[in-house]
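Sequence positions, counted from 1, serve as the residue numbers for this chain. As the structure is a prediction and not an experimental result, all values here were calculated from the model.
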Amino acid sequence: MYRIPYFLKPKVLCDLQRVGNKNDGGYVIPKKSLQDTEILISFGLSDDWSFEKEFYKFSNSKVLCFDNSVNGRFWIVRFIKSLISIITFNELGENIKKLFTYLKYIYFFNNKNKIHYKKFIFPNDHFIFGIDKNNRTDLNEIFKEFQNKNIFLKIDIEGSEYRILHQIISNQKNLSGLVIELHDCDLHFEKIKKFIDNFDLDLVHLHVNNFCSINNLSNPSVIELTFCDKKLSYMGAIDKIKYPVKNLDSPCNKKEKDAEVVFY
């Protein structure tokens, strides 16, 4: 059982669907966002772009991904690890598939409507030691370039999301929706509550990433939150919904079951 503060419980309903992998890499988002979105901006890519691929398929919106860690070195290291695993007969089928992931990456990001920028996302008024300014950008810069566009934002940047929460608030009028993975959330409940209180979009879904740790109060350390435009949400029997939601949610770690969520 996971115990989660009551302010993180969705208060309104929305028509939702799962986009991306069944397990880690897939997210539950508003169906209508797929129709309303002109640009998907995705922070955090690694070797899984199943969400971006399906979002593009369902919406035909432009897809812009930002992740500096996915570079030439990333693919070489990944190839070597997969090759060693194959030689040692470790998860043979899975690692044979991984050998072809780079080709799938090249195939997907093959035109001006699907672009991967090798840049860190970090506020420009912050300093990152060893990172050239050409290899970074921030949310304000991106939104300046796409003013008056309906943008869906996906954020999974391993803890750096807290550094850009204020920029999400500043640019919220352009958002058709947001899905965000919050790491070490048990240490940042106050920051998250402040963000939600100042965010115009409605919280409509919550899921616990079961790869996470759990503290002595049964608080999980990683959660996924989905927000939608207020015009897409509606009042209903929200109290009857149990989390995880059957037929929508799926465990990120497929080797473990999702536990029940209790709000307090």
Side-chain angles (χ1 to χ4, degrees), residues 4 8-46 48-67 108 113-114 121 139 142-143 146 149-157 161 164-165 168-169 171-183 185 192 195-196 199-210 222-234 236 238 241-252 258 261:
I4 293 178
L8 285 167
K9 182 177 181 178
K11 306 298 191 298
V12 293
L13 296 170
C14 181
D15 293 325
L16 301 167
Q17 77 176 71
R18 187 173 187 86
V19 176
N21 280 343
K22 180 180 179 181
N23 302 110
D24 199 25
Y27 294 94
V28 174
I29 68 169
K31 288 182 180 179
K32 195 68 165 55
S33 290
L34 292 166
Q35 301 172 28
D36 292 350
T37 299
E38 295 172 272
I39 301 173
L40 167 65
I41 295 178
S42 174
F43 298 157
L45 184 65
S46 189
D48 182 357
W49 50 93
S50 60
F51 176 82
E52 291 78 7
K53 182 179 178 180
E54 284 203 355
F55 198 104
Y56 180 78
K57 174 185 174 182
F58 293 136
S59 69
N60 205 33
S61 60
K62 192 165 187 169
V63 175
L64 307 179
C65 296
F66 294 80
D67 192 331
F108 181 70
N113 289 321
K114 297 173 289 183
I121 299 300
L139 198 60
I142 296 168
F143 272 76
F146 300 105
K149 296 288 187 181
N150 289 329
I151 294 171
F152 191 96
L153 203 54
K154 179 211 118 177
I155 301 175
D156 181 7
I157 48 179
E161 60 271 11
I164 63 170
L165 291 181
I168 297 174
I169 296 293
N171 294 284
Q172 59 185 326
K173 63 181 175 61
N174 292 108
L175 291 179
S176 63
L178 163 70
V179 63
I180 182 168
E181 190 163 281
L182 294 159
H183 301 79
C185 60
I192 298 169
F195 169 73
I196 292 174
F199 197 39
D200 287 341
L201 278 68
D202 282 331
L203 175 61
V204 292
H205 190 71
L206 171 143
H207 180 248
V208 175
N209 184 322
N210 68 338
V222 184
I223 57 174
E224 301 159 357
L225 300 181
T226 302
F227 297 85
C228 80
D229 191 315
K230 287 185 181 296
K231 67 184 180 184
L232 304 182
S233 63
Y234 55 91
I238 189 74
I241 294 180
K242 305 296 182 183
Y243 297 88
V245 179
K246 188 177 180 180
N247 299 326
L248 274 179
D249 287 320
S250 183
C252 295
D258 270 341
V261 172

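- Residues Asn209 and Glu224 meet the side-chain proximity criterion, which asks for heavy atoms closer than 4.5 Å.
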key: Chi angles and distances behind the side-chain contact (heavy atoms from CB on, under 4.5 Å) call for Phe43, Leu153   = CA-CA 8 Å; Phe43 298 157; Leu153 203 54; 4.2 Å; yes
key: Step-by-step side-chain contact (heavy atoms from CB on, under 4.5 Å) determination, Tyr27 to Val19   = CA-CA 5 Å; Tyr27 294 94; Val19 176; 5.9 Å; no
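- With hydrogens and angles disregarded, no donor-acceptor distance shorter than 3.5 Å links the side chain of Asp202 to the backbone of Cys228.
- Residues Cys185 and Ile192 have side chains in contact (heavy-atom distance under 4.5 Å, counting atoms from C-beta outward).
- Of the possible donor and acceptor atoms, none in the side chain of Ser59 sits under 3.5 Å from a partner among the backbone N and O of Gln35.
- The number of heavy-atom neighbours closer than 6.0 Å to NZ of Lys62, taken from other residues, nucleotides and ligands shown, is above 12.
- Panel note: side chain Ser233, backbone Val12; no donor-acceptor pair is recorded below 3.5 Å.
- Side-chain contact, Ser176 with Ser33: no donor N or O sits under 3.5 Å from an acceptor N or O.
- Between His205 and His207, the ring planes lie parallel to each other; the angle is under 30°, not in the 30° to 60° tilted range.
- For the residue pair Leu201 and Gln172, the shortest heavy atom distance occurs at CD1-O, 4.1 Å.
- Contact check for Ile39 versus Asn150: no side-chain heavy atoms found under the 4.5 Å cut-off.
- In Lys114, the NZ atom is crowded: over 12 heavy atoms of neighbouring residues, nucleotides or ligands sit closer than 6.0 Å.
- Using a distance-only test at 3.5 Å, with no hydrogens or angles considered, no donor-acceptor pair links the side chain of Lys22 to the main chain of Pro251.
- Between Ile168 and Ile155 the shortest heavy-atom distance is CD1-CD1, 3.4 Å.
- Here the straight-line distance linking atom CG of Leu178 with atom CZ of Phe227 works out to 6.0 Å at 0.5 Å rounding.
- Taking both residues in full, the closest heavy atoms of Ile157 and Gly44 are given as CG2-N, 4.0 Å, listed atom of the first, atom of the second, then distance.
- Rounding to the nearest 0.5 Å gives a distance of 12.5 Å between CD1 of Ile121 and CD of Glu161.
- Between Phe152 and Phe51, the angle of the ring planes lies from 30° to 60°, which puts this pair in the tilted group.
- The two residues Ile223 and Leu8 make their nearest non-hydrogen contact at CD1-CD1, 3.8 Å.
- Of the possible polar contacts, none joining the Glu38 side chain to the Lys149 backbone as a donor-acceptor pair under 3.5 Å is found.
- A donor-acceptor pair under 3.5 Å is formed between the side chain of Asp67 and the backbone N or O of Ser46.
- Within the model, atoms CG of Asp229 and CG of Asp200 stand 9.5 Å from one another, a figure rounded to the nearest 0.5 Å.
- Taking 4.5 Å as the limit, every side-chain heavy atom of Asp258 sits out of range of all side-chain heavy atoms of Val208.
- Between the CD1 atom of Ile151 and the CD1 atom of Ile41 there is a distance of 4.0 Å, given to the nearest 0.5 Å.
- Side-chain atoms of Asp48 come within 3.5 Å of backbone atoms of Ser50 as a donor-acceptor pair (strictly under, hydrogens ignored).
- Atoms CG and CZ, on Leu182 and Phe195 in that order, are 8.0 Å from each other to the nearest 0.5 Å.
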query = Stepwise, does the side-chain contact (heavy atoms from CB on, under 4.5 Å) test hold for Leu13 with Val204?
reply = CA-CA 6 Å; Leu13 296 170; Val204 292; over 6 Å; no
key: Val222/Glu181 under side-chain contact (heavy atoms from CB on, under 4.5 Å): CA gap, chis, key distance, verdict   = CA-CA 7 Å; Val222 184; Glu181 190 163 281; 3.6 Å; yes
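- No side-chain donor-acceptor contact under 3.5 Å links Tyr56 and Asn113.
- Pairing each heavy atom of Leu40 with each of Ser61, the nearest pair is N-OG, 4.1 Å.
- Ser250 pairs in a side chain to side chain contact (heavy atoms under 4.5 Å, CB included) with only one of the listed residues (Asn21, Val245, Asn23), which is Asn23.
- Within the 3.5 Å criterion, the main-chain N or O of Leu232 finds no donor-acceptor partner in the side chain of Lys32.
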